[in-house]
2 protein chains.
Amino acid sequence: MIEFIILGFLMTRNMTGYDIKQTMNISTSNFMDASFGSIYPSLKRLVQKKLIYLEEIATNGKLKKIYSITDQGKEEFIIWLKSPIEVSKTNTTSALSKIFFFDNLNNEEITNSINTYINDLTKLKNNLLDVKEMLKKHDNNFEISTLNFGLDFYDFTINWYKNYLDSVNKKL
Amino acid sequence: MIEFIILGFLMTRNMTGYDIKQTMNISTSNFMDASFGSIYPSLKRLVQKKLIYLEEIATNGKLKKIYSITDQGKEEFIIWLKSPIEVSKTNTTSALSKIFFFDNLNNEEITNSINTYINDLTKLKNNLLDVKEMLKKHDNNFEISTLNFGLDFYDFTINWYKNYLDSVNKKL
DNA sequence: GGCGCCATGTAACCAGTTACATGATTGC
DNA sequence: GCAATCATGTAACTGGTTACATGGCGCC
């Protein structure tokens, strides 16, 4: 996850590990954050995989490590970005971390991705409706509020992404 | 987390590790799940802490491990249940895992907990509004959709819990 | 001269999951 | 007889966080 976020940032400009952390603080920290303890090791791994490369720049006698994305890195990032958004029952991070970088895709690609996502969410919602019916029939006394929250949450999310799609397509 | 869920289940009846997993499957899996690989080690730890105890029952010559909650376990569970619901920017699990077990609290305790939660959510929402204003002023071009999702998500959640409170208090 | 920010890094820990291993019992 | 379910458990891995360690630079 964090590795793709880093690639996404490096799509727009070259950065140090510290820059990445600062940028996350003001842009993504609302839905996803990472500590230096995960950023620096991720950078190391990304260099090993040749998805980014490292230039050590001497500024005032001090070394700064500037990272840039490679062509292979760009490719892998776009593959990840286009891959279906993982549906989660409780967590919105997976979807948000992709739409944050959607300016790297064209409108058709965005529309496809979001439509697939809305479809997947609708399936989950219908599954949950089935569960609710089943529980009702079997007359058990489990707390139903959490299940209702799930249903309302799916409705909210599905609706939100429908509106998002509208606004994306109005831009053209 | 999973340890408290287990305690919550044992509040109503004695169970084996397997029972706990089955019960989670039909009741909490909508918002939280756990594998055997976390359930069995958790049970071991809970016994060590004396929050539950173990009776090995021979059924048809085969040993079954039945776990029961101790008085100390009940106490710790209620302390956890009454403790403030952790606010999360993207995840609903923390809140749901508590309201699932709220039949262990009285209406006043539930109302206090939810009001605190709504308050905390409102603070987070206002922080995010400030961030949005700041970003607007500084005219940067970060994707704003994710921030808007955050705001709408807070609104949805705050509203949902207000309605939940109404329904809880109507029951009396 | 000391505070805050820039800058990089690692070791220990955490709360789980996945995959594997084992074996009894039940129902068709 | 064999598949599904009941039942328990562990080792390796995962994707991080927290805390710690280090040191330079700018500025008041």
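Side chains are part of it too, since the values below use all heavy atoms of this structure and drop only hydrogens, waters and symmetry mates. Keep in mind that what you see is a predicted model, and the values were worked out from it rather than measured. Just so we're on the same page: letters track the sequence lines, and every chain starts at 1.
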Exercise. What residues, two or more places apart in sequence or in another chain, satisfy side-chain hydrogen bond (donor to acceptor under 3.5 Å, both in side chains) together with Lys49(B)?
Worked result: Glu3(B)

For this session: Nearest whole angstrom, please: distance from the C1' of dG15(D) to the CZ of Phe4(A).
Result: 13 Å

Exercise. Can you check the Met24(A) CE to dT17(D) C1' distance for me, whole Å?
Worked result: 13 Å

Exercise. Nearest-Å distance, OH (Tyr18(B)) to P (dG23(C))?
Worked result: 18 Å

For this session: Compare side-chain N and O positions of Lys44(A) against OP1 and OP2 of dT10(C) and report whether any pair is under 4.0 Å apart.
Result: yes

Problem set entry | Rounded interatomic separation in angstrom, taking CD1 from Ile20(B) and P from dA7(D) | 12 Å

Can you give me every donor-acceptor pair (side chain of residues 148-158 of chain A, partner residue at least two apart or in another chain, under 3.5 Å) with its distance?
from: Asn148(A); atom 1: OD1; to: Lys132(A); atom 2: NZ; distance (Å): 2.9
from: Asp152(A); atom 1: OD2; to: Trp160(B); atom 2: NE1; distance (Å): 2.7
from: Asp155(A); atom 1: OD1; to: Lys125(A); atom 2: NZ; distance (Å): 3.0
from: Thr157(A); atom 1: OG1; to: Phe153(A); atom 2: O; distance (Å): 2.7

Exercise. Distance check: side-chain N/O of Lys65(A) vs OP1/OP2 of dG9(C), anything under 4.0 Å?
Worked result: yes

For this session: Return the value, rounded to whole Å, for the distance between atom CE of Met15(B) and atom P of dT8(D).
Result: 13 Å

For this session: Please name all residues satisfying side-chain hydrogen bond (donor to acceptor under 3.5 Å, both in side chains) with Thr12(B), sequence neighbours left out, ordered by chain then number.
Result: none

Problem set entry | Selection: residues 76-97 of chain A, any non-hydrogen atom under 4.0 Å of DNA chain D | none

Exercise. For Tyr53(A), which fellow cluster members are found when Ile, Leu, Val, Met, Phe, Trp and Tyr are connected by side-chain heavy-atom distances below 4.5 angstrom, either directly or through intermediates?
Worked result: none

For this session: Would you kindly give the CG-to-C1' distance between Leu63(A) and dG23(D), to the nearest whole Å?
Result: 13 Å

For this session: Only stems of 3 or more consecutive Watson-Crick or G-U pairs count here, both distances under 3.5 Å; name the ones for DNA chain D, or none.
Result: C:1-28 with D:1-28

Exercise. How long is the line joining CD of Gln22(B) and P of dA7(D), in whole Å?
Worked result: 9 Å

Which donor-acceptor pairs under 3.5 Å do the side chains of residues 92-100 of chain B make with protein atoms, sequence neighbours left out?
from: Thr93(B); atom 1: OG1; to: Thr90(A); atom 2: OG1; distance (Å): 3.4
from: Thr93(B); atom 1: OG1; to: Asn91(B); atom 2: OD1; distance (Å): 2.5
from: Ser94(B); atom 1: OG; to: Glu86(B); atom 2: N; distance (Å): 3.3
from: Ser94(B); atom 1: OG; to: Glu86(B); atom 2: O; distance (Å): 3.2
from: Ser97(B); atom 1: OG; to: Thr93(B); atom 2: O; distance (Å): 3.1
from: Ser97(B); atom 1: OG; to: Ser94(B); atom 2: O; distance (Å): 3.0
from: Lys98(B); atom 1: NZ; to: Trp80(B); atom 2: O; distance (Å): 3.3
from: Lys98(B); atom 1: NZ; to: Ser83(B); atom 2: O; distance (Å): 3.0
from: Lys98(B); atom 1: NZ; to: Ser83(B); atom 2: OG; distance (Å): 2.9
from: Lys98(B); atom 1: NZ; to: Pro84(B); atom 2: O; distance (Å): 3.3

Exercise. Roughly, in whole Å, what's the span from OH in Tyr40(B) to C1' in dT22(C)?
Worked result: 12 Å

Check nucleotides 12-17 of chain C against the protein and report each pair of N or O atoms closer than 3.5 Å, with its distance, or say if there are none.
from: dG16(C); atom 1: OP2; to: Ile2(B); atom 2: N; distance (Å): 3.4
from: dT17(C); atom 1: OP2; to: Ser35(B); atom 2: N; distance (Å): 3.1
from: dT17(C); atom 1: OP2; to: Ser35(B); atom 2: OG; distance (Å): 2.7
from: dT17(C); atom 1: OP2; to: Ser38(B); atom 2: OG; distance (Å): 3.1

Exercise. Do the side chain of Ser38(A) and the main chain of Ser35(A) share a donor and acceptor less than 3.5 angstrom apart?
Worked result: yes

When the side chains of residues 16-24 of chain A are checked against the rest of the protein, which donor-acceptor pairs come out under 3.5 Å, sequence neighbours left out?
from: Thr16(A); atom 1: OG1; to: Tyr18(A); atom 2: N; distance (Å): 3.3
from: Thr16(A); atom 1: OG1; to: Asp19(A); atom 2: N; distance (Å): 2.9
from: Thr16(A); atom 1: OG1; to: Asp19(A); atom 2: OD2; distance (Å): 3.2
from: Asp19(A); atom 1: OD2; to: Thr16(A); atom 2: N; distance (Å): 3.0
from: Lys21(A); atom 1: NZ; to: Ala34(A); atom 2: O; distance (Å): 2.8
from: Thr23(A); atom 1: OG1; to: Asp19(A); atom 2: O; distance (Å): 2.7

Problem set entry | Residue list, side-chain hydrogen bond (donor to acceptor under 3.5 Å, both in side chains) with Ser27(B), at least two apart or on another chain | none

Exercise. Partners of Asp103(A) by salt bridge (Lys or Arg N to Asp or Glu O under 4.0 Å), sequence neighbours excluded?
Worked result: none

Exercise. Looking at Thr16(B), does any N or O in its side chain come under 4.0 Å of the phosphate oxygens OP1/OP2 on dC6(D)?
Worked result: no

Exercise. Rest of the hydrophobic cluster containing Ile57(B) (Ile/Leu/Val/Met/Phe/Trp/Tyr, side-chain heavy atoms under 4.5 Å)?
Worked result: Ile66(B)

Exercise. Are the aromatic rings of Phe4(B) and Phe101(B) close, with centres under 6.0 Å apart?
Worked result: no

